[in-house]
Amino acid sequence: MTITASRTWADLCAHRQEMEKTHLRDLFAGDPERAGSLSLSFDDILYDFSKQRLTRETLGRLVKLAGEAFLPEWIERMFAGDRINVSEGRSVLHVALRRFSAPFPNGQFDVMADVLATRKRMAEFAELLRAGKCHGHHGMAIRDVVNIGIGGSDLGPKMMNQALRAFAHPTLRVHYVSNLDGAQLAPLLQTLDPRTTLFIVVSKTFTTQETMVNAETARNWLKSNLGDEVNLANHFAAVSSRPERAAAFGVSRDRVFPIWDWVGGRYSLWSAVGLALMIAIGPHAFDEMLRGAERMDEHFRTAPFAQNLPVIMGLIGIWNTNFLGATTNAVLPYNESLKYLPSFLQQLEMESNGKSVSIAGDPVDCATCPIVWGELGNNGQHAFFQLLHQGGRIVPCDFIASVRSDYPLPGHQEALLSNCFAQSSALAFGKTESEVRESMEKESVAPEEVADLLPHRVFAGNQPSSTLLLKTLAPGTLGSLVALYEHKVFVQGAVWGINSFDQWGVELGKAVASRILPAFDDPALASAFDGSTQALLAYCRK
Ligand code: F6P
């Protein structure tokens, strides 16, 4: 039986009909305790979901739904190391990457020796670099580190590096290159000194086209600037589950760091994929980040569902998507240091749950992952928030802010936070016709003008949002935040009955691209493609 055929799903559909008639204004007016009772806190994170279009009754039903979807069993299976990534025959053990003791997941199948040994090697290498004791070809200390990777081998460390830039090493510079477009790598190379630059090639498969092309260009750049006799081993490190491929590329074996098939790319920030991040912020802060994630793992594994942040967050998403009909979810950080969080969450959520086939291979008969998108909230206010306020669509929003700033310029932080709180409030409560009329009359606007402008100045409100308020952007708090979203994705995958850990949908485009590439040089090959592709190729040739 699919979850949509369950009694609780039907109850939620009926409940939705009642809730559709209820405005957030009524929900707040009818329950003075609402803000307190519809929020949870965990360490230094406050999760306020009182501006979601739901009640405690809704949550009770959703929690019941999670039970019917066997969420407790799925959680147990993940932490036990079962091969729940069935289409790839793999366990899902990224939680092991933020543990500090063995054995895990159990005495028979213990991955912790590898995890701890790799973390130690990473720390030693990071400390060497940070101490200026890692030398390039001419014996000069390495000053620039370039992470070459894409998707999960880029977005997580880059996002966290930006988020924790207040903790960054004062002189070592860390850069991230992902795009095949030479417009990213070429200008960066112009700023670098080949004698003092180290590239870390990060690729689980070590076959990803973007990464391999950028790594090749980096290698050529080193050779052409330092001479063919350059010892490339001094200028490369690698992270991969295929160490032999990294070695064949020219990376010295002692600088190849492993990852394992039980870590999905988008869940790999905690592994050696985070090496560039560790170099930037240091092993201590990196460990703090892991500890924050580990605390969230424990909370997710043990807390009752009604108090369990990832469970509640995941279920609220289910409510918005499957019952209120939302098709997107906006992520709106009010903190410049979180500017890459929306892109990171896009991959985490959409690559994990953007699927319409169940884990058993059957069509899923309900909507799954919404389109996740977003931008720094304060900038977005002056760009796309118009649609959120008056576009007439339901767009659930995650507002994310920190109480304290790492860059406390006088007058900035309170102004920023007041904008954050104002937006979620305006989206929830809107402005009624009578309120608009009253304020225009107070401004002595002429009656005909009031009549003309009234429809334009009304805000329907009732736009659902949650606010995640962090005390500061501390490594541990950010570790908890990212683990929270990871587990949210897991909760939703369990309810939708899909495998959140494969990504077959990315394969077709890669295969087609590799067939198109030779057609740039050999026009005869173009005839194999569709008319549009042929025309595009012909245009490029002209
Ligand atoms: O194409 C998608 C993907 O496989 C992601 O899942 C992954 O994070 C990214 O490419 C990079 O893969 P790799 O680490 O193997 O280069």
Side-chain angles (χ1 to χ4, degrees), residues 84-94 97 118 122 146-161 176-181 184-185 199-219 236-249 251 256-277 340-355 369 372 482 485-486 489-490 493 498-517:
I84 58 172
N85 176 358
V86 290
S87 70
E88 296 180 328
R90 293 171 181 173
S91 303
V92 174
L93 282 176
H94 50 277
L97 298 166
T118 303
M122 287 167 65
V146 183
N147 186 94
I148 298 181
I150 195 164
S153 298
D154 166 70
L155 290 166
K158 183 175 77 173
M159 177 277 292
M160 199 57 101
N161 205 150
Y176 293 83
V177 171
S178 55
N179 204 332
L180 252 183
D181 187 348
Q184 190 181 23
L185 182 55
F199 295 93
I200 308 179
V201 185
V202 185
S203 177
K204 190 174 163 189
T205 53
F206 228 78
T207 55
T208 303
Q209 184 192 36
E210 292 84 347
T211 303
M212 290 303 109
V213 170
N214 279 323
E216 186 71 41
T217 300
R219 189 167 58 181
F236 276 102
V239 180
S240 184
S241 65
R242 303 301 301 266
E244 72 290 355
R245 291 183 185 161
F249 177 84
V251 185
V256 180
F257 297 82
I259 45 171
W260 305 276
D261 67 359
W262 43 261
V263 191
R266 53 196 175 273
Y267 298 89
S268 65
L269 155 68
W270 325 97
S271 70
V273 167
L275 180 60
L277 169 68
Y340 298 127
L341 187 63
S343 337
F344 169 77
L345 292 179
Q346 257 174 349
Q347 186 196 14
L348 178 64
E349 301 214 16
M350 292 165 76
E351 198 167 67
S352 297
N353 284 341
K355 295 162 193 169
C369 187
V372 177
V482 173
Y485 272 98
E486 285 181 352
V489 167
F490 183 79
I498 56 186
N499 177 3
S500 303
F501 301 102
D502 59 11
Q503 57 283 317
W504 297 103
V506 302
E507 295 304 326
L508 179 60
K510 290 184 193 175
V512 178
S514 72
R515 284 195 281 119
I516 290 177
L517 183 59

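Every number for a ligand or one of its atoms is a count from 1 in the order of the listing. Note that this is a predicted model, so its numbers are computed, not measured.
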List ligand 1 atoms under 4.0 Å from [X], heavy atoms only on the residue side.
X	answer
T205	13 (P), 15 (O), 16 (O)
G152	7 (C), 8 (O)
K510	1 (O), 2 (C), 4 (O)
I150	9 (C), 11 (C)

Compare all side-chain heavy atoms of [X] with those of [Y] and state whether any distance is below 4.5 angstrom.
X	Y	value
Q209	K510	no
V92	Y267	no
V201	T211	yes

- Query: What protein heavy atom is closest to atom 12 (O) of ligand 1, reported as residue, atom name and distance in Å?
  - Reply: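 Protein heavy atom with the smallest distance to atom 12 (O) of ligand 1: T208 OG1, 3.5 Å.
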- Return the residue, atom name and 0.1 Å-rounded distance of the protein heavy atom closest to atom 6 (O) of ligand 1.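 For this ligand atom, the closest protein heavy atom is E351 OE1, 2.9 Å.
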- Query: Any nitrogen or oxygen of Q347, main chain or side chain, under 3.5 Å from a nitrogen or oxygen of ligand 1?
  - Reply: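 Such a contact does occur with ligand 1.
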- Item | Polar proximity ligand 1 side, V506 side, N/O cut 3.5 Å exclusive | no
- Decide, yes or no, whether a salt bridge links D502 with K355 under the criterion of side-chain N to carboxylate O below 4.0 Å.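 Yes.
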- Cation-aromatic face contact K158/Y340, 6.0 Å, 45 degrees: yes
- Task: Would you confirm whether K204, through its side chain, and V263, through its main-chain N or O, come within 3.5 Å as a donor-acceptor pair?
- Result: yes
